[in-house]
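First comes the structure, then the notes that go with it.
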Amino acid sequence: MRIATVQHFFGNKAKLFEAVTDSITHDYNEAFSRLESETLGNAETKLQRMLHFLIEDNKNAHTAGFFYELWNLAHRDPIASKALDPLCDEQLVRFRDLILRIRPELSFDAGLQRAAVIMAATDGLLLTVGYGRSPPEALRGSGQDRLVDILMHVATAQA
């Protein structure tokens, strides 16, 4: 694709990044909405399914490639960094809302802090269990179920 074509449709790099991250956010929102509507049960079950989904999604070549590149670029480029914000914010809010449904006695800040830990863990798992990686035995099969159990403990632990 020629750069002139990109400039014609998007005008500048910021608008291109915004369009890409809007598309990715939309795709994840659809996937999470589908998971929530298909999951009978409480918020705890929904969060557990979401965590399993994210760990499995890390094994997808397109997901891994996209996020490795976006994180790398965001480290060097303020426009890419700004484009990453809505993706992160959306994920934090989704985790926080489920955590506060599970533990309604938690403060808003405590829910957000737990959400940040869970988000960091699920995103960071891309480096160990993601596409093209060879995870240690403890992170394969039932080991991944144990990872979800640990993250669920972060979400559901007493204040």
Does any non-hydrogen side-chain atom of [Y] lie less than 4.5 Å from one of [X]?
X	Y	result
V148	M152	yes
T21	L84	no
L70	L87	yes
R103	Q158	yes

Point-to-point distance, once rounded to the nearest 0.5 Å, from [atom1] of [X] to [atom2] of [Y]:
X	Y	atom1	atom2	result
N58	D123	CG	CG	7.5 Å
L151	L125	CG	CG	7.0 Å
Q48	L35	CD	CG	12.0 Å
D145	H52	CG	NE2	5.0 Å
L54	K59	CG	NZ	12.5 Å
N60	F66	CG	CZ	12.0 Å

*Relative to each other, are the rings of F53 and Y28 parallel, tilted or perpendicular (30° and 60° limits)?*
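Ring orientation, 0 to 90° scale: perpendicular.
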_Parallel, tilted or perpendicular: ring planes of W71 versus Y68, cut at 30 and 60 degrees_ =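 W71 and Y68: perpendicular rings.
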So does [Y] get a backbone contact from the side chain of [X], meaning a donor-acceptor N/O pair under 3.5 Å?
X	Y	value
S37	S33	yes
R96	G111	no
N42	I102	no

_Exactly one of H75, R76, E69 should register a side-chain hydrogen bond (donor to acceptor under 3.5 Å, both in side chains) with N72. Which one does?_
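Among the candidates, only R76 passes.
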*Are V117 and L147 connected in a single hydrophobic cluster, I mean Ile/Leu/Val/Met/Phe/Trp/Tyr linked by side-chain heavy atoms less than 4.5 Å apart?*
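Both belong to a single hydrophobic cluster.
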*Give a yes or no on whether a salt bridge exists between K15 and E18, defined as a side-chain N under 4.0 angstrom from a carboxylate O.*
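Salt bridge: no.
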Which pairs of donor and acceptor atoms, one on a side chain in residues 129-140, lie under 3.5 Å apart (sequence neighbours left out)?
{"unit_1": "R133", "atom_1": "NE", "unit_2": "L127", "atom_2": "O", "d": "2.7"}
{"unit_1": "R133", "atom_1": "NH2", "unit_2": "L127", "atom_2": "O", "d": "3.4"}
{"unit_1": "E137", "atom_1": "OE1", "unit_2": "R140", "atom_2": "NH1", "d": "3.2"}
{"unit_1": "R140", "atom_1": "NE", "unit_2": "P135", "atom_2": "O", "d": "2.8"}
{"unit_1": "R140", "atom_1": "NH2", "unit_2": "P135", "atom_2": "O", "d": "2.6"}

*Any idea which heavy atoms bring Q144 and E56 closest together, and the distance?*
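Result for this residue pair: OE1-OE2, 3.4 Å.
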_Looking only at side-chain N and O atoms, does N29 offer a donor or acceptor that is under 3.5 Å from a partner on R94?_
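Yes - a donor-acceptor pair under 3.5 Å links their side chains.
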